[in-house]
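Worth knowing before you read on, the calculation uses all heavy atoms, side chains too, and leaves out hydrogens, waters and symmetry mates.
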Amino acid sequence: MGPLNGVKIVEIAGIGPGPFCAMMLADMGAEVIRVDRADRVRGGDPEVPPADVMNRGRRSIGVDLKSAEGIEVVMRLVESSDGLIEGFRPGVAERLGIGPDECLARNPTLVYGRMTGWGQNGPYAATAGHDINYVALAGTLDAIGRVDSGPVPPLNLIGDFGGGGMYLAFGMVCAILEARNSQKGQVVDAAMVDGSASLATFFYGLRAMGIWEDQRGTNMLDTGAHYYDVYECADGKYVSIGSIEGQFYAELREKLGLDDDKWGAQNDKRQWADFKTELAAIFKTRTRDEWSALIEGSDVCYAPVLSMTEAPNHPHNRERGTFTEVAGVVQPRPAPRFSRTDGEITRPPPHAGQHSDELLAECGFSLDEVATLRSAGAVA
């Protein structure tokens with residue numbers, strides 16, 4: 001019974017940020033119905049769900065979106081829903097007959113969420129792209145990397161998931177709240193290039209204040225500073241150090257025995273490179289676990305760099321239940337947490353089309369109508 005209990009969302013199946021947005025909404029209690037393509041329905045044992053955990057928490061119906069009968073199925077779902085999310089290129093949903101105008105005509109209070117890389121307009125809008133491109137155009141990718149490297153793509157975390165799916169989820173909740181007051185729906189245009197730029201607002205501010213340089217790897221938070229970086233240990237594993245504030249830096253010096261007066265010049269950029277070389281040599285003298293035994297639990301601002309295999313087993317993550325296991329798959333639990341209406345994973349990922357019959361029945365289709373839809377290939 002999460003905070004979005006009672007909210008119903010239609011998800012037109014896609015990849016990356018769209019499913020992540022739908023997962024976030026489902027984790028928070030929304031009923032999310034995933035519309036999978038009929039030609040991708042392959043069956044599958046419900047007792048052995050797929051391992052794609054981003055599809056958790058929803059039911060699936062297989063629909064042929066190129067048939068008039070299939071489009072009518074989607075529209076019947078839309079009639080009783082609070083929102084719809086799609087991730088097509090601009091114009092595709094309109095050509096299929098499930099664009100904002102058609103959907104809002106059937107449900108004037110619907111919030112229509114659009115997830116794209118470039119947005120619905122602009123010179124790039126009709127072109128293909130991926131996370132790396134959107135982050136690049138936002139000015140965010142250029143700032144990520146070391147002084148002696150080119151820009152380093154930060155997985156898909158900034159474009160697809162942070163600047164994409166998370167912003168669409170935020171936009172959907174905002175617009176649904178507004179629609180409940182106004183009784184009017186609207187379109188949410190979530191573009192990964194916009195979200196990637198928005199995530200970098202803090203750094204644009206630092207640059208405007210003259211305390212952030214465009215040259216990557218020379219600033220406090222981009223591996224330029226010796227007290228904010230990762231260091232390799234004797235066993236080839238890594239630790240993270242974030243001793244920004246003076247009192248935390250003093251504790252780092254105490255733990256590492258850096259008593260020489262020169263180490264007091266924490267923010268003398270002229271010495272950062274030399275300090276970093278010396279710290280790298282120091283951290284190479286012990287294993288990661290030995291450094292944890294010495295530093296963990298202090299105010300150095302320290303944590304071991306854990307793999308995805310290791311992270312679920314760390315004592316802190318175990319005590320908080322940061323990770324959970326569903327249908328044999330270890331995965332992050334819903335976040336954030338709520339004191340009264342916490343989110344939960346209500347079901348494992350569905351096989352495509354697994355819930356077609358029950359969802360058609362809930363939309364009011366009779367058994368004869370369902371048989372007709374099946375024989376026409378409109379649903380699977």
Side-chain angles (χ1 to χ4, degrees), residues 2-4 9 11 14-28 30 32 52-57 83 85-88 111 113-120 122 124-125 128-146 151-176 188-207 212 216 219-223 228 230 240 242 303 305-308 311 317 322-323 331-338 343 345:
L4 295 183
I9 303 291
E11 171 199 5
I15 59 174
F20 184 70
C21 168
M23 182 201 79
M24 292 185 66
L25 298 173
D27 282 354
M28 293 298 111
V32 180
D52 187 353
V53 296
M54 273 211 312
N55 289 334
R56 71 194 188 193
I85 58 177
E86 57 92 354
F88 297 120
V111 172
R114 317 200 80 167
M115 183 75 262
T116 59
W118 305 118
Q120 297 298 311
Y124 281 26
H130 276 301
D131 177 290
I132 192 171
N133 311 122
Y134 315 134
V135 178
L137 201 70
T140 306
L141 178 58
D142 184 68
I144 302 172
R146 295 185 177 277
V152 178
L155 301 180
N156 290 40
L157 298 175
I158 293 178
D160 276 351
F161 304 123
M166 195 172 292
Y167 272 74
L168 178 58
F170 174 66
M172 293 297 291
V173 172
C174 290
I176 288 170
V188 178
D189 176 6
M192 285 175 256
V193 65
D194 297 346
S196 298
S198 177
L199 287 171
T201 300
F202 173 66
F203 299 99
Y204 276 94
L206 292 181
R207 187 175 180 277
W212 188 272
R216 75 186 66 86
N219 300 285
M220 179 176 66
L221 300 176
D222 63 358
T223 74
Y228 198 90
V230 295
S240 66
V305 177
L306 303 179
S307 69
M308 285 187 281
N317 294 332
T322 302
F323 297 87
Q331 56 199 278
R333 59 149 286 164
R337 305 182 187 203
F338 296 78
I345 301 171

Closer than 3.5 angstrom, by distance alone: can the side chain of [X] be matched with the main-chain N or O of [Y] as a donor-acceptor pair?
{"X": "Tyr134", "Y": "Gly129", "value": "yes"}
{"X": "Asn156", "Y": "Asp131", "value": "no"}
{"X": "Asn133", "Y": "His130", "value": "yes"}
{"X": "Ser240", "Y": "Ala303", "value": "yes"}
{"X": "Ser196", "Y": "Val193", "value": "no"}

Exercise for the section: Step through the shown structure and confirm whether more than 12 heavy atoms of other residues, nucleotides or ligands are within 6.0 Å of CZ on Arg207. Expected result: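 Atom CZ in Arg207 is not packed in, count stays at 12 or less.
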
### Task
Count the heavy atoms belonging to other residues, nucleotides or ligands that lie under 6.0 Å from CZ of Phe170, then report whether that count exceeds 12.
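Result for CZ/Phe170: open.
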
Apply the test side chain to side chain contact (heavy atoms under 4.5 Å, CB included) to residues Leu25 and Val173: give CA-CA distance (whole Å), side-chain angles for both, the deciding distance (0.1 Å), then the verdict.
CA-CA 9 Å; Leu25 298 173; Val173 172; 4.0 Å; yes

Checklist entry - Considering only heavy atoms from C-beta outward, does the side chain of Ile9 approach that of Ile176 to under 4.5 Å? => result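 The answer is yes; the side chains approach within 4.5 Å.
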
Tell me, do Pro153 and Ile144 make a side-chain contact under 4.5 Å, heavy atoms counted?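 Of all side-chain heavy-atom pairs linking Ile144 with Pro153, none is under 4.5 Å.
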
Restricting to non-hydrogen atoms, name the atom on [X] and the atom on [Y] that form the minimum distance, rounded to 0.1 Å.
{"X": "Ala125", "Y": "Trp118", "answer": "CA-CB, 3.9 Å"}
{"X": "Ala200", "Y": "Thr140", "answer": "CB-OG1, 3.7 Å"}
{"X": "Leu199", "Y": "Ile158", "answer": "CD1-O, 3.7 Å"}
{"X": "Pro17", "Y": "Met192", "answer": "CG-CE, 3.7 Å"}
{"X": "Tyr228", "Y": "Met220", "answer": "CB-O, 3.4 Å"}
{"X": "Val188", "Y": "Gly171", "answer": "CG2-O, 3.8 Å"}

**OP:** Quick one: do Leu137 and Tyr124 satisfy side chain to side chain contact (heavy atoms under 4.5 Å, CB included)? Show the steps, please.
**Re:** CA-CA 10 Å; Leu137 201 70; Tyr124 281 26; 3.9 Å; yes

Can you tell me how far apart [atom1] ([X]) and [atom2] ([Y]) are? Round to the nearest 0.5 Å.
{"X": "Leu306", "Y": "Asn317", "atom1": "CG", "atom2": "CG", "value": "7.5 Å"}
{"X": "Phe203", "Y": "Asn219", "atom1": "CZ", "atom2": "CG", "value": "9.0 Å"}
{"X": "Phe88", "Y": "Met115", "atom1": "CZ", "atom2": "CE", "value": "14.0 Å"}
{"X": "Gln331", "Y": "Phe323", "atom1": "CD", "atom2": "CZ", "value": "10.5 Å"}
{"X": "Asp52", "Y": "Met23", "atom1": "CG", "atom2": "CE", "value": "10.5 Å"}
{"X": "Arg114", "Y": "Asp189", "atom1": "CZ", "atom2": "CG", "value": "8.0 Å"}

Please lay out, stage by stage, how Arg56 and Asp27 fare under the test salt bridge (Lys or Arg N to Asp or Glu O under 4.0 Å).
CA-CA 8 Å; Arg56 71 194 188 193; Asp27 282 354; 2.6 Å; yes

Checking Phe161 against Leu155 for the side chain to side chain contact (heavy atoms under 4.5 Å, CB included) test, could you report, in this order, the C-alpha distance in whole Å, the side-chain angles of both residues, the deciding distance, and whether it holds? CA-CA 10 Å; Phe161 304 123; Leu155 301 180; over 6 Å; no

